S.K.: 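Below: one structure in structure tokens.
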There are 2 protein chains.
Amino acid sequence: MTSVEEPARSGERIRDAARTRAEILDVATQEFARAGYDGARVDEIAARTRTTKRMIYYYFGGKEQLFTSVLERAYGVIREAEQQLDVDHLDPVAAIRRLAELTLDHHEQHPDFIRLVSIENIHEAQHIAASEKLGKIGSPALDVIRRILASGRESGLFTADVDAVDLHAMISSFCFFRVANRHTFGALFGRDLLDEAQRAHYRAMLGDMVIAYLTAERTPR
Amino acid sequence: MTSVEEPARSGERIRDAARTRAEILDVATQEFARAGYDGARVDEIAARTRTTKRMIYYYFGGKEQLFTSVLERAYGVIREAEQQLDVDHLDPVAAIRRLAELTLDHHEQHPDFIRLVSIENIHEAQHIAASEKLGKIGSPALDVIRRILASGRESGLFTADVDAVDLHAMISSFCFFRVANRHTFGALFGRDLLDEAQRAHYRAMLGDMVIAYLTAERTPR
DNA sequence: TCACTGATGTACGAACCAGTACGTTAGCTG
DNA sequence: CAGCTAACGTACTGGTTCGTACATCAGTGA
């Protein structure tokens with residue numbers, strides 16, 4: 001998360017637009033993730049900032065646009081992480097497994113992002129629709145998946161002609177569910193999907209699942 | 001969904017506690033699913049009912065308990081559906097595939113339930129925790145999965161010693177994601193996961209994935 | 001150094017919204 | 001048919017919450 005860093009020259013800078021803006025975004029991210037869009041309080045965000053509510057309206061225009069900006073930055077972070085993906089040197093099977101594991105880890109490390117996405121879905125992605133930036137970011141991960149799938153198909157390792165977007169959905173769904181539904185799943189089934197002791201287990205399970213799917217002999221049903 | 005049915009003897013019954021209660025629950029389910037817990041308006045629920053806000057407080061005590069009651073009934077519906085599961089006459093592979101397909105269909109047909117679960121997770125399952133009923137419902141689907149897994153293992157069809165709860169999570173995650181994240185996924189990747197024309201495709205994909213996982217030869221990594 | 005603009009703080013308003021005090025009625029029970 | 005209680009309606013309140021009018025200050029460029 002791109003968060004506010006104290007400048008080396010000890011604090012106390014009075015006027016710093018970029019800094020104020022970033023600090024508002026940091027706190028707003030937490031508050032929206034904590035309580036949902038309607039549950040979040042603009043006053044609460046302001047209170048936890050070194051500035052005032054006035055500044056939120058000055059910089060972002062309103063609660064709605066603030067949430068959109070929070071989303072834009074959050075998606076920016078994950079897009080950056082995906083751009084760091086470097087699995088081209090691996091064979092297709094190892095590459096897919098690695099991609100799945102990195103996705104699992106990344107989701108686990110960014111629960112606020114997962115919550116924001118859940119919240120945005122409750123609101124039917126209206127903020128993404130209203131955002132110019134978010135419409136056309138695309139997903140670096142998709143390009144990676146496309147390359148791996150192509151090479152896996154060429155080498156004959158992957159049996160099925162799987163679509164990259166579908167595979168992305170398959171991997172994401174498990175990683176997302178694990179974080180997003182942690183609480184209800186835990187309450188109903190008595191199992192914490194984010195239990196540290198189980199992380200290796202679930203990483204292996206996801207990798208096994210995806211690889212099994214990609215390499216299975218398709219028997220017509 | 002257990003919804004309010006007009007009694008055969010034409011309407012106009014003035015006092016009917018059960019009916020009023022059920023109607024409130026129906027409308028509340030829609031309203032909470034539409035707008036989230038904090039976004040939902042008690043006045044709005046009352047307005048769309050043949051009764052008044054006073055009755056909501058009379059029967060349920062408050063907004064919080066109303067939401068809990070909505071959750072309890074929603075989970076009751078899915079539990080009932082799971083109890084109808086009848087796949088014991090099928091061979092393990094067909095049984096698992098059928099279970100996965102039924103789960104996919106059920107989730108798709110109950111988007112409000114999916115939204116309620118998402119909302120409850122944003123609130124860290126606090127209402128489930130506060131509910132006496134929801135704590136101990138268990139999942140009939142889990143029992144079914146356990147039976148299928150046992151028989152699949154016996155017959156040697158299933159290679160791995162997979163845990164029933166894990167398999168349930170695996171199947172649910174894809175079905176859940178497809179409905180819950182429909183909007184953001186659609187906005188970002190330009191693909192509607194609930195497109196009717198794609199339903200058969202995703203049903204097959206989910207089944208293939210789960211079966212491939214269960215029947216794959218495990219190669220030690 | 002002075003004026004101008006971007007950045008910031010204070011104080012407040014108006015709408016909203018969960019919850020309730022109080023009064024009324026339907027319909028069953030004896 | 002009397003009277004009791006569960007069921008219901010009206011009207012209101014008190015606190016909350018988004019948003020803004022207005023005043024002020026910092027720093028820069030001429």
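Labels below follow one simple rule: chain letters A, B, ... track the order of the sequence lines, proteins then strands, and each chain is numbered from 1. This structure is a prediction, so every number in the text was calculated from the model and none was measured.
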S.K.: Rounded to whole angstroms, how far apart are CZ on R19(B) and P on dA26(C)?
M.R.: 17 Å
S.K.: Counting a pair only when it is Watson-Crick or G-U and both distances are under 3.5 Å, which runs of at least 3 such pairs involve DNA chain D?
M.R.: C:1-30 with D:1-30
S.K.: Quickly work out the E31(A) CD to dT17(D) P distance and round it to whole Å.
M.R.: 10 Å
S.K.: Sort out for me which residue in I24(B), T51(B), L25(B), L66(B) forms a side-chain contact (heavy atoms from CB on, under 4.5 Å) with Y59(B).
M.R.: I24(B)
S.K.: Using whole Å, what does the distance between atom P of nucleotide dT10(C) and atom CG of D43(A) come to?
M.R.: 14 Å
S.K.: Evaluate the salt bridge (charged side-chain N to carboxylate O under 4.0 Å, His left out) criterion for residues R79(A) and E82(A): first the C-alpha distance (whole Å), next the side-chain angles of each, then the deciding distance (0.1 Å), finally the verdict.
M.R.: CA-CA 5 Å; R79(A) 182 191 48 192; E82(A) 287 178 351; over 6 Å; no
S.K.: Is there a side-chain contact between Y37(B) and V70(B) (heavy atoms, below 4.5 Å)?
M.R.: no
S.K.: Enumerate the protein-to-nucleotides 13-16 of chain D contacts in which both atoms are nitrogen or oxygen and the separation is below 3.5 Å.
M.R.:
none

S.K.: Distance check needed: dC17(C) P versus L66(B) CG, whole Å only.
M.R.: 16 Å
S.K.: Taking atom P of dG19(D) as reference, at what distance in whole Å does atom CD1 of I45(A) sit?
M.R.: 11 Å
S.K.: For the residue pair L194(A) and Y202(A), establish whether any side-chain heavy-atom pair is separated by less than 4.5 Å.
M.R.: no
S.K.: Does the separation of the ring centres of Y213(B) and Y213(A) fall below 6.0 angstrom?
M.R.: no
S.K.: With a 6.0 Å cut-off (strictly less than), is the heavy-atom count around CZ of R191(A), excluding the residue itself, greater than 12?
M.R.: yes
S.K.: Between T20(A) and dT8(C), is there a contact of a side-chain N or O with OP1 or OP2 at under 4.0 Å?
M.R.: yes
S.K.: If I take atom CG in residue D38(B) and atom C1' in nucleotide dC18(D), what distance separates them, rounded to the nearest angstrom?
M.R.: 15 Å
S.K.: Rounding to a whole Å, what distance do you find between R54(A):CZ and dC22(D):C1'?
M.R.: 10 Å
S.K.: Between L71(B) and S131(B), is there a side-chain heavy-atom distance shorter than 4.5 Å?
M.R.: no
S.K.: Which of residues 56-65 of chain A have a heavy atom under 4.0 Å from DNA chain C?
M.R.: Y58(A), Y59(A)
S.K.: Contact between H123(A) and F67(A) at the side-chain level, heavy atoms closer than 4.5 Å - yes or no?
M.R.: no
S.K.: When D43(B) is tested against each of K63(B), K53(B), R54(B) for salt bridge (charged side-chain N to carboxylate O under 4.0 Å, His left out), which residue passes?
M.R.: K53(B)
S.K.: Using the side-chain contact (heavy atoms from CB on, under 4.5 Å) rule, pick out the option among I56(A), V27(A), D26(A) that qualifies with T49(A).
M.R.: V27(A)
S.K.: Looking at side-chain heavy atoms only, is the closest gap between L85(A) and R98(A) below 4.5 Å?
M.R.: no
S.K.: Once you apply a heavy-atom cut-off of 4.0 Å, does A46(B) come out as touching a base, just sugar-phosphate, or nothing?
M.R.: nothing
S.K.: Hey, which of these two, A18(B) or K53(A), hits DNA chain D nearer its 5' end, going by closest nucleotide?
M.R.: A18(B)
S.K.: In whole angstrom, what separates M55(A)'s CE from dC18(D)'s P?
M.R.: 17 Å
S.K.: Would you tell me if any nitrogen or oxygen in the side chain of T52(B) comes within less than 4.0 Å of OP1 or OP2 on dT10(D)?
M.R.: no
S.K.: Does some side-chain heavy atom of R115(A) sit less than 4.5 Å from a side-chain heavy atom of I122(B)?
M.R.: yes
